[in-house]
Each structure stands twice: as C-alpha cells, then as structure tokens.
*Asks:* 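Please find one structure pasted underneath; my questions will follow.
Both ligands and their constituent atoms are indexed starting at 1 by order of listing.
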Amino acid sequence: MSLKLGEIVPFGRSRQEYELMFNLSQEDYQQVILGCGDGPASFNAQMTQEGYSVISIDPIYQFSKSEIQQRFDEVVDNIIAQVAATPDNWSWSYHRDAEDLRQNRVKALEIFLKDYEQGRKEGRYQAAALPHLPFESGQFKLALCSHLLFLYSDLLSVEFHIESLKELCRVAQEVRIFPLLTLGRQVSSHIEPVREALAKMGIKSRIEMANYEFQKGGNQMLRLFQE
Ligand SMILES: C[S@@+](CC[C@H](N)C(=O)[O-])C[C@H]1O[C@@H](n2cnc3c(N)ncnc32)[C@H](O)[C@@H]1O
C-alpha cells in the first residue's frame, strides 16, 4: 500500500459516537463487527474492553504508533481552528464547543493507541484498504464505515464508492455508512448513483435517521442489506 498519511485526516471517534451514528443495538453487538476505515477511533478498543468483538481495517495500520500520533499532532490544531472559525456549521449537541471536540478526539486517540499494538497482534487492527478486503464472503453480519465514504466524495470517485460498497456487501450481510454529507456539508452526489448500481446487483438500501449530528444536517446513515 502506498498510502501517505495525507488528505484524509486521522481523526477518531468513540464507541459512544459509533453507537449513536449507527443506531447500534444489543443485537448488533452479539456478532463480530467489521469497522472499515476505523483509523484512530476508540470503538474497537472500548468494545473489546466490554467483551465484544470488532475487527478494524484501515491503511494507517501499516504505520507505527508514533507515526499515527505524529500525523494527528500535525493536523489537529488546524482542524480545530477551522471548526472554531465556523461555529454555525456544526451542531453542538454532542461536543460542547471546539475545545471539547479536541479533547474528545485526543481521548479517542489515546484509548486507541494504548490498545493498538495488542490489537494488531490479535488481528483486531489489520492494514487493508477499500476497495479490497482480506475477508471471506459473508464473514460478517455487520460492517460499519464512518467518516470515509460519501464524506470524501470530492477525493473518491463514484466508481470507487460502488466498488467499495460492493466489496463491503460481499463480506457482510449488512453495511451501514455515516454520514451522507461531504466535507462541504452537501448531500453527496454519489448517493443516488451508488444506490442504483447496487440495486441492480440485488442490494437493497435505506436511508435512516441517526442519533448523532455534528456537521449540521449530517444526521443520516445509509443501510445496505441483502435479503
Ligand atoms: C476521518 S477518518 C475516520 C475514522 C473513523 N472511522 C471514525 O469515524 O472515527 C477516515 C479514515 O479512513 C481511512 N481510509 C482512507 N482511505 C481508505 C481506504 N481506501 N480504505 C479504508 N480506509 C481508508 C483513513 O486512513 C482514516 O483513518
């Protein structure tokens, strides 16, 4: 993989944020969950601590703990400054303000980094990248993808989205993606072409309200499933 820790920022969310974004239920927790593009989220670490099972894939897992920390440190001030400069673009229902956002992202990173080496040994953090996943067909009941697909629609083409979601649907019975807005807070123009292409392959989709909103208007997720 020739990824540079570049344009897609290594910001990670918590287990509670994942639960709210993806409307996760007790039933969902009973199976091994695939987290795609989990980066430095603390979801896997916290779920593992609670006795649940998550496998995360991300190309950044080819990097060391200190490289991931360094990349986070390089970008965090700039991102927090951008958020602080545009307070009306954000919903402050979860994070109180830009500083609280920073603290929450730092906390998620710390929990992730503490778990990272052990998790790599156990195969819970695997270096891989969409649109190819190193898993068997139907290996997971549920796959989650947070703040990657649709969000980075300006960087990632509609073809990349279709290939990636086809691949996620190959390895998981159900796939949930959040949010459906781009970084510029527009509804991604990829959503409808992707849904149409997947429908032709027999994959059904439904847009649902999530219990989480940070980008104003970014409170919906896409569910993909095969019956
Ligand atoms: C903004 S972060 C989101 C992290 C986490 N999902 C969360 O919401 O807290 C986006 C992540 O997508 C990862 N990523 C970039 N390209 C990817 C690809 N082709 N396949 C899987 N993950 C990718 C990045 O390395 C980064 O960790």
*Asks:* Counting heavy atoms only, name the option from L148, D38, L149 that's nearest to atom 16 (N) of ligand 1.
*Replies:* L148
*Asks:* Show me which atoms of ligand 1 lie under 4.0 Å from any heavy atom of G12.
*Replies:* 9 (O)
*Asks:* Is K216 paired with D88 through a side-chain N to carboxylate O contact shorter than 4.0 Å?
*Replies:*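 No, D88 and K216 are not salt-bridged.
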*Asks:* Ring-plane angle category for Y61 and Y116, please: parallel below 30°, perpendicular beyond 60°, tilted otherwise.
*Replies:*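 It falls in the tilted class, 30° to 60°.
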*Asks:* Hey, is ligand 1 close enough to G37 that some N/O pair sits below 3.5 Å?
*Replies:* yes
*Asks:* Number the atoms of ligand 1 from 1 as they appear, then name those within less than 4.0 Å of a heavy atom of S146, with their elements.
*Replies:*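 Near S146, meaning under 4.0 Å from one of its heavy atoms, ligand 1 has 3 (C), 5 (C), 6 (N), 7 (C), 8 (O).
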*Asks:* At a 4.0 Å cut-off, with the gap strictly under it, does some heavy atom of P10 reach an atom of ligand 1?
*Replies:* no
*Asks:* At a non-hydrogen distance cut-off of under 4.0 Å, which region of Y61 contacts ligand 1 (side chain, backbone, both, or neither)?
*Replies:*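 Within the 4.0 Å criterion, Y61 makes no contact with ligand 1.
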*Asks:* Do Y94 and Y212 make the cut of ring centroids closer than 6.0 angstrom?
*Replies:*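 Ring centres of Y212 and Y94 closer than 6.0 Å.
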*Asks:* May I have the step-by-step check of side-chain hydrogen bond (donor to acceptor under 3.5 Å, both in side chains) for N211 and N23, ending in yes or no?
*Replies:* CA-CA 7 Å; N211 289 310; N23 296 339; 3.0 Å; yes
*Asks:* Does one side chain, of Q186 or T182, offer a donor that lies under 3.5 Å from an acceptor on the other?
*Replies:*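 Judged by distance alone, the side chains do not pair up.
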*Asks:* With ring-ring contact (aromatic ring centres under 6.0 Å, His included) as the criterion, how do F112 and Y125 come out once you've worked through the C-alpha distance, each side chain's angles and the decisive distance to 0.1 Å?
*Replies:* CA-CA 10 Å; F112 161 78; Y125 298 113; 5.2 Å; yes
*Asks:* Taking only heavy atoms of A41 into account, list the atoms of ligand 1 that are under 4.0 Å away from them.
*Replies:*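 Ligand 1 atoms under the 4.0 Å threshold to A41: 9 (O).
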*Asks:* Is F160 in contact with ligand 1, taking contact as a heavy-atom separation below 4.0 Å?
*Replies:* yes
*Asks:* Is there a ring-ring contact (aromatic ring centres under 6.0 Å, His included) between F178 and Y18? Walk through the geometry before answering.
*Replies:* CA-CA 9 Å; F178 180 96; Y18 267 62; 9.6 Å; no
*Asks:* Check each atom of ligand 1 against the heavy atoms of V9 and keep those under 4.0 Å away; list them by number with element.
*Replies:*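 Selected atoms, number and element: 1 (C), 2 (S).
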*Asks:* Using a strict cut-off of 4.0 Å, indicate which atoms of ligand 1 neighbour a heavy atom of G39.
*Replies:* 27 (O)
*Asks:* Using a 3.5 Å cut-off on N or O atoms only, is L130 in polar contact with ligand 1?
*Replies:*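 So ligand 1 has an N or O lying under 3.5 Å from an N or O of L130.
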*Asks:* Just to be sure I'm reading this right: ignoring hydrogens, which of S14, G35, A129, P59 gets closest to atom 22 (N) of ligand 1? Compare them by their nearest heavy atoms.
*Replies:*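 Answer by nearest heavy atom: P59.
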*Asks:* If the cut-off is 4.0 Å to any non-hydrogen atom of I60, which atoms of ligand 1 fall inside it?
*Replies:*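 So the atoms of ligand 1 that pass are 25 (O).
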*Asks:* Can you tell me if N104 and H95 form a side-chain donor-acceptor pair at under 3.5 Å?
*Replies:*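 Looking only at side-chain atoms, H95 and N104 do form a donor-acceptor pair, the distance falling under 3.5 Å.
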*Asks:* I'd like to know whether E50 forms a side chain to side chain contact (heavy atoms under 4.5 Å, CB included) with Y29, so could you lay out the CA-CA distance, the side-chain angles of the two residues, the decisive distance to 0.1 Å, and finally the verdict.
*Replies:* CA-CA 10 Å; E50 290 173 39; Y29 291 143; over 6 Å; no
